[in-house]
Asker: 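One structure, as structure tokens, below. Some questions next.
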Amino acid sequence: MNKRETVQALMDSVQKGEFELAQSMLADDFQFSGPVPEPINKADWLEMSINLKAAFPDLDYHFKMIGTDGDVVRSTTQMSGTHTGTLNLSNMNLGTTPATNKLVSAKLAKTRITIKKDKITSWAVEPTDGADLTAILGQLG
């Protein structure tokens, strides 16, 4: 797989809730940063992704690739979904939020995904007002 295909495969697996497959695509030292209060590691990212999928079964990341530059794939994401399950973000000190049945939509955010040796090592989201987890929590009330 080329870098673009690897990133698309990761997003497809997350969208489908295939988290074991997603885990296999991440480097052991994977780091996710941007829409979370502090950068998180592979285990915390997987837990967050699983919890988001449980809280928003119809969650759509509206993922689009923009291009590649060496080891970096540039893309955009814009999360939206209906909050029908409990959202547990306690591993990031953001607590739990019972289902509200509200439709939420975050702002469009640009991302930079780094791949080395066929594994994704980092996923960095550019700071964007209205595109982070606190913005989603704000929409939930």
Asker: For a side-chain contact (heavy atoms from CB on, under 4.5 Å) with Ile113, tell me which candidate from Val125, Thr68, Ile120, Val72 qualifies.
Answerer: Ile120
Asker: Could you tell me the separation between the CG atom of Leu94 and the CD1 atom of Ile136, rounded to the nearest 0.5 Å?
Answerer: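 Going from the CG atom of Leu94 to the CD1 atom of Ile136 covers 11.0 Å.
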Asker: Testing the 3.5 Å rule here: is there a donor-acceptor pair between the side chains of Thr134 and Asp132?
Answerer: yes
Asker: How many angstroms lie between atom NZ of Lys53 and atom CD of Gln15, to the nearest 0.5 angstrom?
Answerer: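 CD of Gln15 is found 6.0 Å from NZ of Lys53.
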Asker: To the nearest 0.5 angstrom, please state how far the OG1 atom of Thr97 sits from the NZ atom of Lys102.
Answerer: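 Going from the OG1 atom of Thr97 to the NZ atom of Lys102 covers 10.5 Å.
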Asker: Output the distance between atom CG (Leu52) and atom CG (Leu133), rounded to the nearest 0.5 Å.
Answerer: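 Going from CG on Leu52 over to CG on Leu133, the span is 6.0 Å.
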Asker: Starting at CG of Leu108, measure out to OG1 of Thr77 and round the result to the nearest 0.5 Å.
Answerer: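 Interatomic distance, Leu108 CG to Thr77 OG1, rounded to 0.5 Å: 7.0 Å.
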Asker: Excluding sequence neighbours, so at least two apart, what forms salt bridge (Lys or Arg N to Asp or Glu O under 4.0 Å) with Lys42?
Answerer: Asp28
Asker: Sub-3.5 Å donor-acceptor pair from the side chain of Asp58 to the main-chain atoms of Thr82, do we have one?
Answerer: yes
Asker: Start with the C-alpha distance between Lys107 and Asp129, add both sets of side-chain angles, then the distance that settles salt bridge (Lys or Arg N to Asp or Glu O under 4.0 Å), and finish with yes or no.
Answerer: CA-CA 7 Å; Lys107 301 263 180 163; Asp129 285 339; over 6 Å; no
Asker: What ring-ring contact (aromatic ring centres under 6.0 Å, His included) pairs are there with at least one residue in residues 78-99, not counting sequence neighbours?
Answerer: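 As it turns out, the ring-ring contact (aromatic ring centres under 6.0 Å, His included) pairs with a partner in residues 78-99, which skip direct neighbours, are Phe56-His83.
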Asker: Asp60: which residues meet the salt bridge (Lys or Arg N to Asp or Glu O under 4.0 Å) condition with it, sequence neighbours left out?
Answerer: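 None.
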Asker: Going through the distances and angles, do Met65 and Val73 end up as a side-chain contact (heavy atoms from CB on, under 4.5 Å)?
Answerer: CA-CA 7 Å; Met65 280 190 258; Val73 175; 3.8 Å; yes
Asker: With rounding to the nearest 0.5 Å, note down the distance linking OG in Ser75 to NZ in Lys110.
Answerer: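 The NZ atom of Lys110 is 11.0 Å from OG of Ser75, to the nearest 0.5 Å.
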